[in-house]
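When reading the values below, keep in mind they use all heavy atoms of this one structure, side chains included, and skip hydrogens, waters and symmetry mates. Along the sequence shown, the residues carry numbers beginning at 1.
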Amino acid sequence: MRRNRLLGALVVGVFALAACNANPSTPSSTKGTLGAISKGGTLTILNDAPTIDLDPAKSQGLAITSLGLILRRLTTWQIKPGQEAKVVPDLATNTGTPSDGGKTWTYTLKDGLTYADGSKVTSQDIKYGVERSFAPELSGGLGYHKTLLVGGASYRGPYSGKQLASIETPDAKTIVFHLKSPYGDWPWIVSMPAFAPVPKAKDDPKTYGRGPVATGPYMVQSYKQGSSITLTRNPHWSSKTDSVRGGGPDKVVFTMGDDASVTARRLIADSGDDRNAFSASFVPPAQLNQIEHNATAKPRLAISGPGPLAYLALNVKHKPLDNLDVRKAFEYAVDKRAFQVASGGSLGGSLASTLITPGIPGRQQYDLYPTAPDGDVAKAKQLLAKGGYPKGKKLTFLVQNDPQSLSKAQAIQEGLKRVGIATTLRSLDQNTFYTEVTNNKGDYDITLGSWQPDFPSANGNIQPLFASSEIGNGGFNLSRYSNPQVDSIIQQATAETNPQKAQQLWAQADKRIMQDAPIVPLLYTRNAFLHGSNVQNFFVPSFPAYPDYLTVSLKQ
């Protein structure tokens, strides 16, 4: 699970730069409205990824993106402009019935569920789909369930003939999950790719990712490795059992290996088939300003609300950062405005003060360290003196060596220099950087991070970044922060099956952590995507800060 959270954070950390309020009144904006879903046409989705694997066991894809067009899960996400994300039933009749204090979750499948070949979807297929996600040869997918299910730690998948006893299927329509401890967010977990049904007779772990058996509105017609995937309508899909997917286009074509800058230029030009296309890649900063001054392209720029958190992590295990007053000094010393400029100026995102990000249910806005956007030098110096910050001390600032990350780090470096905090940049390539910040040594003083949860719960904001269990061993607690009181609140919130009570506990944890100042929240970053003029119902919410592929249609 730690590895999967790291990968999700890695993607955001590398690419989370986008626009804000370029044209918030257009249908493309987060505040737009969904219109009628027109039927027909071929929608093209342009990807910079060199390959796309459709195997649900190996996927980290969001419920509303590519794999969601082909495969349904027990639950899914309902995403609407201007509203918080909701977990809703998909293959199941409800979002789950808890018992045994939240350690057991039971689901019943809807009537009339079939695959693209007309055969019935069964609970045994879902059990098998989850079991195969444990197989070493199918590693890489979102794995929250692997540490939650009883026996999951030692299970290695079904290919040796073994089943996972903590998943029961008393009949073809019922599936029961037994967890090691109560987990209130389990309804979100079963919306993840591994909970798509896989018929055992159709499974080949080497080839399934090129043509999974479809339950969504589309099925794979052709798969050209490194080039394209073409989807056509699933004749057995029915909107009567699926309230989330629109099934608008007749065909959906995914292309691979498209350079994001080239794609942006094509979509700005808006000619030919590109009028029926959108880019799965963020609009590069170089094109954002161009789009802002292009009257025909600007209305087609879809912008998320403030979302993923960019932050400065302070390694609390290292002196003098083990001193609370010193850490509080950082809250005032950092020049957030300069960091925002380095992140794209007014296009970088909104200044941050909380750990739970906008768009997450139950989030409470607060600021324990109110100051001007460029900081408070006098206050910072006062706190450094109080904390006994040693003169001449140089902190190691670990950073990625790409130009964008270096520019952001230098903005932080200059702000700290004003108050007498000297830093030495230690730049590493992306893979080495993530190995260094998540290993057991923690050989750095400060570093930059960025995070968007894998599912819309404050659990995904707090637990992976601040639980003691997430220090080292691949965990993403970059500040190496450990507080028994916070761990206790996290445990209570995780086990709480009442969403409102859980949200109150997560908000409590948010403030309690910031009282210890293990990080400096910098920005709630925004993502921007461009689409062609024939594309309808295209918008990007605050969470997730990505387009909802399931509702997109084409003008007819």
Side chains of [X] and [Y]: closer than 4.5 Å at any heavy-atom pair?
{"X": "Y444", "Y": "F433", "value": "no"}
{"X": "L530", "Y": "F278", "value": "no"}
{"X": "F254", "Y": "S228", "value": "no"}
{"X": "P456", "Y": "E84", "value": "no"}

By the salt bridge (charged side-chain N to carboxylate O under 4.0 Å, His left out) test, which pairs, at least two apart or in different chains, include something from residues 421-435? R426-E436
May I have all residue pairs that pass salt bridge (charged side-chain N to carboxylate O under 4.0 Å, His left out) and include part of residues 49-58, sequence neighbours excluded? D53-K58, D55-R132
I'd like to know if the side chain of K417 reaches the main chain of T423, judged simply by a donor and an acceptor atom lying under 3.5 Å from each other, with no hydrogens or angles considered.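 Such a contact is absent between K417 side chain and T423 backbone.
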If you look at every heavy atom in P193 and L142, which pair is closest and at what distance? CD-CD1, 4.3 Å
What residues form a salt bridge (charged side-chain N to carboxylate O under 4.0 Å, His left out) with [X], not counting sequence neighbours?
{"X": "D273", "value": "none"}
{"X": "R275", "value": "none"}
{"X": "D510", "value": "none"}
{"X": "D376", "value": "none"}

So, are [X] and [Y] salt-bridged, with charged N and O less than 4.0 Å apart?
{"X": "D250", "Y": "K39", "answer": "no"}
{"X": "K408", "Y": "D402", "answer": "no"}
{"X": "D242", "Y": "R72", "answer": "yes"}

What's the separation between atom CZ in F339 and atom CG in D374, rounded to the nearest 0.5 Å? 15.5 Å
Please enumerate all residues that pass side-chain hydrogen bond (donor to acceptor under 3.5 Å, both in side chains) together with [X], with sequence neighbours excluded.
{"X": "D367", "answer": "none"}
{"X": "R73", "answer": "none"}
{"X": "W77", "answer": "S191"}

Applying the side-chain contact (heavy atoms from CB on, under 4.5 Å) test to S405, which of L428, V399, L448 qualifies? V399
Over 60° means perpendicular and under 30° means parallel, so tell me whether H531 and F538 are parallel, tilted or perpendicular.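 Answer is tilted, since the angle falls between 30° and 60°.
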Does either side chain, that of [X] or that of [Y], offer a donor lying less than 3.5 Å from an acceptor on the other one?
{"X": "N276", "Y": "N534", "answer": "yes"}
{"X": "N527", "Y": "T525", "answer": "no"}
{"X": "T51", "Y": "Q225", "answer": "yes"}
{"X": "N47", "Y": "D258", "answer": "no"}
{"X": "D48", "Y": "S281", "answer": "yes"}

Set of ring-ring contact (aromatic ring centres under 6.0 Å, His included) partners for F195, sequence neighbours left out: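 Partners of F195 by the ring-ring contact (aromatic ring centres under 6.0 Å, His included) criterion, ordered by chain and then number, come out as H145, F177, W186.
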Could you pull out all residues at least two apart from P373 that satisfy side-chain contact (heavy atoms from CB on, under 4.5 Å)? R337, L351
Sequence neighbours excluded - ring pair (Phe, Tyr, Trp, His ring centres under 6.0 Å) pairs with any residue from residues 36-60: none
So Y546 and F282, ring-ring contact (aromatic ring centres under 6.0 Å, His included) or not? Walk me through it. CA-CA 9 Å; Y546 295 87; F282 300 162; 5.6 Å; yes
